[in-house]
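Have a look at the structure below before the remarks.
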Amino acid sequence: GFEILNIFQPSILLGPREESRLGEKIGTVGMKLVSPLMMGSLTKYKPIHVKTVAMAMLQLAKSPEKGIHHFEYDEMNEA
């Protein structure tokens with residue numbers, strides 16, 4: 001029933017955290033290393049900084065375009 005629905009689907013989020021998890025740190029380092037190799041359909045799995053996602057959310061919340069919209073890595077970086 002919403003006129004506008006924006007769905008954001010980031011992969012691994014980069015940025016400061018209050019808690020520390022070893023598995024997340026290992027995953028983040030690994031993803032940063034292979035990220036330059038992720039092209040084509042794998043681009044959506046690249047890690048993205050929380051500030052980039054937040055800025056995209058703010059920018060796209062101002063858009064008057066109605067409908068359901070999905071945003072992945074590329075779309076969030078372009079916003």
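Remember, it's a predicted structure, so these values are computed and weren't measured experimentally. Position 1 is the first residue of the sequence, and the numbers go up from there.
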With a cut-off of 3.5 Å and sequence neighbours excluded, list every side-chain donor-acceptor pair involving residues 52-66.
from: Ser63; atom 1: OG; to: Glu65; atom 2: N; distance (Å): 3.3
from: Lys66; atom 1: NZ; to: Glu3; atom 2: OE1; distance (Å): 3.3

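One hydrophobic cluster holds both Ile12 and Val34 under the rule that ILVMFWY side chains link at heavy-atom gaps under 4.5 Å. Phe71 and Ile4 are assigned to two separate hydrophobic clusters, defined by single-linkage of ILVMFWY side chains at heavy-atom distances under 4.5 Å.
Here the straight-line distance linking atom CD of Gln9 with atom OH of Tyr45 works out to 9.5 Å at 0.5 Å rounding. Between atom NE2 of residue His70 and atom CG of residue Leu5 there is a gap of 7.5 Å, rounded to the nearest 0.5 Å. With rounding to the nearest 0.5 Å, the separation of NZ in Lys44 from CE in Met76 is 11.5 Å. The line from CD1 of Ile48 to CG of Leu13 is 8.0 Å long, rounded to the nearest 0.5 Å. Here CD1 of Ile68 is found 10.0 Å from CG of Asn6. Values are rounded to the nearest 0.5 Å. Separation of atoms CG (Asn77) and NZ (Lys46) is listed at 8.5 Å; rounding is to 0.5 Å.
Shortest non-hydrogen contact noted between Leu14 and Lys32 is CD2-CE, 3.9 Å. Contact record, Leu42 with Met38: O-CB, 3.9 Å, taken as the closest heavy-atom pair.
Using a 4.5 Å heavy-atom threshold, the side chains of His69 and Glu75 count as separate.
Taking the side-chain hydrogen bond (donor to acceptor under 3.5 Å, both in side chains) definition, one finds that Asp74 meets it with nothing, sequence neighbours left out.
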